[in-house]
Enquirer: 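Just passing along the structure, written as structure tokens.
Residue numbers begin at 1 in each chain, while the letters A, B, ... track the order of the sequences.
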There are 2 protein chains.
Amino acid sequence: MRQGGRIKLSDVARDAGVSPATVSRAIAQPHLLSEETLAKVRASALRLGYLPDGAARALASGRSMTIGAIVPTLDSAIFARALQAMQSTLAQEGFLLLVASHEGHAAAEAQAVRSLLGRGVDGLMLVGAERPPETVAMLKEARVPIVLTWCGDGNFTAVTIDNVLAGRLAAEHLIGLGHRRIGMVTGQLRFNDRQRARLAGARAALAEAGLGLPDQLHSEQAVTLAGGRIGCATLLELDDPPTALIGGIDLLAIGCMEEAHARGISVPFGLSVVGIDGLDMSAHVSPSLTTVHLPIGRIGTLAAETLMALVAGRFAETTMLPVELVVRRSTARLD
Amino acid sequence: MRQGGRIKLSDVARDAGVSPATVSRAIAQPHLLSEETLAKVRASALRLGYLPDGAARALASGRSMTIGAIVPTLDSAIFARALQAMQSTLAQEGFLLLVASHEGHAAAEAQAVRSLLGRGVDGLMLVGAERPPETVAMLKEARVPIVLTWCGDGNFTAVTIDNVLAGRLAAEHLIGLGHRRIGMVTGQLRFNDRQRARLAGARAALAEAGLGLPDQLHSEQAVTLAGGRIGCATLLELDDPPTALIGGIDLLAIGCMEEAHARGISVPFGLSVVGIDGLDMSAHVSPSLTTVHLPIGRIGTLAAETLMALVAGRFAETTMLPVELVVRRSTARLD
DNA sequence: AGCTTGAATGAAAGCGCTTTCAATAGATGC
DNA sequence: GCATCTATTGAAAGCGCTTTCATTCAAGCT
């Protein structure tokens, strides 16, 4: 029950003295019209303040010019940046972003997928490749392109980074500095393949160096500063505490530094800390955080571009973006 | 041109042996059906994997179950948090969030308004009350509820905070600590009534104390850490530098502290710094930042609730949320 | 001149759903 | 016992747009 009064396509058509079909073409395929007609239609549309009805266009054309994105949370510097990059890339082509978050719950993600698919998004971006088979099935049956980000798998096109390598780089940096007891604080491992991969990468590097990362040197925490503090405290209170810590994300690493600080332990001289992410903030904390920099904005931009290419029927393949260790002041050679 | 194969309402109807109208009711107004029919329809829908077409529903019913939000950028702890709160509140009632950002450009905002309204959002959230008259006109003509956030005006329902008071509280705190030369670093004032209001609040408080905030003690910068550093540097290099600084947002205040640190000036003993926002981060920087805490998550939640109430035809009025000074370690009495 | 071709436009059939409006059938009231 | 309700269901008319398919007309060829 649209309220009366809204100008519709047929009003413009009448005003311009052409058929509705012509007005429709003026909007979507202007090259099909003569300049004269086009000008006439545009003038009418402008004068009447015509705004096409998206629902009707979507229904008639099967395209909604809308891309869906489902992330764990918007309230995170990382996902916020990726979404901002996506949004602005999409906007250039007239697409809009429909967002949903699942806050770490697989069921909420499934619900979001259903919702977004039902809303007729033209493409869908998700984070990570791990999800229940029912959700995967739903995505596979979807008649729209799906793009995974951060982690991919064989099932869908993806824009990924090498999380295993990220973990490895962090660990190798510390090993190279002479550390022998290295701990790691990660976020929840469940329903988070990014964190698992980073842990696995660190483990592998440590194992190759003959060191290993026993379970007691790994602490799984909420991905907040407070989580980092708790994780750090847990590991520092071991009988034989680590001399260096890896944070599964920068936020955790920063929490670790804070806890060390609170305990009067110097970073980097009493404890080396390295993060993974490369948040802006990390360059600005004190001491500045050594971290494995991930091209977060690029993930968003590329995800958007990939999705738009796929929507347009063009080809697009899975991409893996490079990660890079950025050495700053939070790590030092073990004396 | 929907690809073939997707199950539609009429398929379910046929399968369940009822009319399409009945299936439609089973989805939207189940109380109108007998339990028996309802069960039959639900079983068919489930078995066939029926997913209603959002565009068609929107077109037929005039409701899209979608709320639009236009923020300056998603890539900001503040707006990200507000949007996350909105999103999760909306999701509880089955609404989805369509987001757009304007990155400080009024024209981009107008474009976003047009886009979102065209997409048939059921309601629209915007930040601040300042915008070109054409945009305001477009919003007033819109047949959907509009809710402003952070700052409001008489034209639309709003969920606001007292930005003037926030500026005032920051200034009064510093005045109370004996500071006499107080500077302020704000973000761009143009197309940002929040920053202007905070500056005005600080100015008023300073004026009342007989101090004033001359233009040279105000620096307008990009809202980034780097902006904060530059602003701080600018003010500290004055012949008669301030002994205390107010950051228009926490990020700027943190940038100020960093710059002071880099110059070997102690915060708070060589320079007091107070922010406005109450970011999580601010409690965790060193020294922890004294700031005027704003209930950002609450803004998002309330904006969502207000919008949903209005969409449902219920009454909702403009709200002003309280702000509160949180004293931490970045401010000290002037010796 | 007669025919083909291409460009520009219009007519009309939906896209998949919601929602009056009617119809039917028991149930209720006097 | 008959009119009046009330609860269920169905029929059918769109919602506002896109998109074949046809049509028209003028230009280009032989």
Enquirer: May I have the distance from A:Leu9 (atom CG) to C:dG10 (atom C1'), rounded to whole angstrom?
Expert: 13 Å
Enquirer: Using the salt bridge (charged side-chain N to carboxylate O under 4.0 Å, His left out) rule, collect all pairs that involve residues 67-77 of chain B, keeping only residues at least two apart or in two chains.
Expert: A:Arg81-B:Asp75
Enquirer: Establish whether the base of D:dG16 is bridged to the side chain of A:Arg6 by a donor-acceptor pair shorter than 3.5 Å.
Expert: no
Enquirer: Can you check the A:Leu32 CG to C:dG10 P distance for me, whole Å?
Expert: 13 Å
Enquirer: If you look at every strand shown and take non-hydrogen atoms under 4.0 Å, does B:Val18 touch a base, only sugar-phosphate, or nothing?
Expert: sugar-phosphate
Enquirer: Taking only the side-chain heavy atoms of B:Ala56 (C-beta and beyond), determine which of D:dT18, C:dG16, C:dG10 contains the nearest atom.
Expert: C:dG16
Enquirer: Which comes earlier along DNA chain D counting from the 5' end, the contact point of A:Lys8 or that of A:Ala21, where each point is its nearest nucleotide?
Expert: A:Lys8
Enquirer: What is the distance, to the nearest angstrom, from the CG atom on A:Leu33 to the C1' atom on D:dT18?
Expert: 14 Å
Enquirer: Does C:dT18 have its OP1 or OP2 closer than 4.0 Å to a side-chain nitrogen or oxygen of B:Ser61?
Expert: no
Enquirer: Which nucleotide wins on minimum distance to the side chain of A:Ser34, given the candidates C:dA8, C:dA11, D:dT19?
Expert: C:dA8
Enquirer: When the side chains of residues 26-43 of chain A are checked against the rest of the protein, which donor-acceptor pairs come out under 3.5 Å, sequence neighbours left out?
Expert:
from, atom 1, to, atom 2, distance (Å)
A:Ser34, OG, A:Thr37, N, 3.2
A:Ser34, OG, A:Thr37, OG1, 2.7

Enquirer: Checking the side chain of B:Asn163 only, and the main-chain atoms of B:Ala197 only, is there a donor and an acceptor separated by less than 3.5 Å?
Expert: no
Enquirer: If you look only at pairs with a residue in residues 101-113 of chain A, which of them pass as a salt bridge (charged side-chain N to carboxylate O under 4.0 Å, His left out), with sequence neighbours excluded?
Expert: A:Glu109-A:Arg131
Enquirer: Are the side chains of B:Thr22 and B:Ser19 in contact, using a 4.5 Å heavy-atom criterion?
Expert: yes
Enquirer: Under a 3.5 Å distance rule, please check whether A:Asp122 uses its side chain to pair with a backbone N or O of A:Met65 as donor and acceptor.
Expert: yes
Enquirer: In whole angstroms, how far is the P atom of C:dG16 from the CZ atom of A:Arg143?
Expert: 11 Å
Enquirer: Taking CZ from B:Arg25 and P from C:dT19, how many angstroms apart are they, rounded to a whole number?
Expert: 10 Å
Enquirer: Angle between the end axes of the helix from C:dA1-D:dT30 to C:dC30-D:dG1, five pairs per end, to the nearest 10 degrees?
Expert: 30°
Enquirer: Let's see if you get this right: which residues in residues 35-46 of chain B place a heavy atom under 4.0 Å from DNA chain C?
Expert: none
Enquirer: At under 4.0 Å between heavy atoms, what does A:Ser24 touch on the DNA or RNA strands: base, sugar-phosphate, or nothing?
Expert: base
Enquirer: Rounded to the Å, how far apart are A:Arg57 CZ and D:dC15 C1'?
Expert: 16 Å
Enquirer: B:Asp122 CG to D:dC15 P: how many Å, rounded?
Expert: 19 Å
Enquirer: Tell me whether the side-chain N/O atoms of B:Thr22 come closer than 4.0 Å to OP1 or OP2 in D:dG10.
Expert: yes
Enquirer: Taking side chain to side chain contact (heavy atoms under 4.5 Å, CB included) as the criterion, tell me which of B:Leu148, B:Leu139, B:Leu307, B:Val147 meets it with B:Leu124.
Expert: B:Leu139
Enquirer: Please list all pairs passing the salt bridge (charged side-chain N to carboxylate O under 4.0 Å, His left out) test where one or both residues lie in residues 297-318 of chain A, with sequence neighbours left out.
Expert: none
Enquirer: Kindly give the heavy-atom pair with the smallest separation between A:Thr89 and A:Met308, and that separation in Å.
Expert: O-CE, 3.8 Å
Enquirer: What is the separation between atom CG on A:Leu59 and atom P on D:dG14, rounded to the nearest whole Å?
Expert: 17 Å
Enquirer: Checking B:Thr160 side chain against B:Ala158 main chain: does a donor-acceptor pair fall under 3.5 Å?
Expert: no
Enquirer: Is there a donor and acceptor pair, one atom on the side chain of A:Arg63 and one on the base of D:dT19, closer than 3.5 Å?
Expert: no
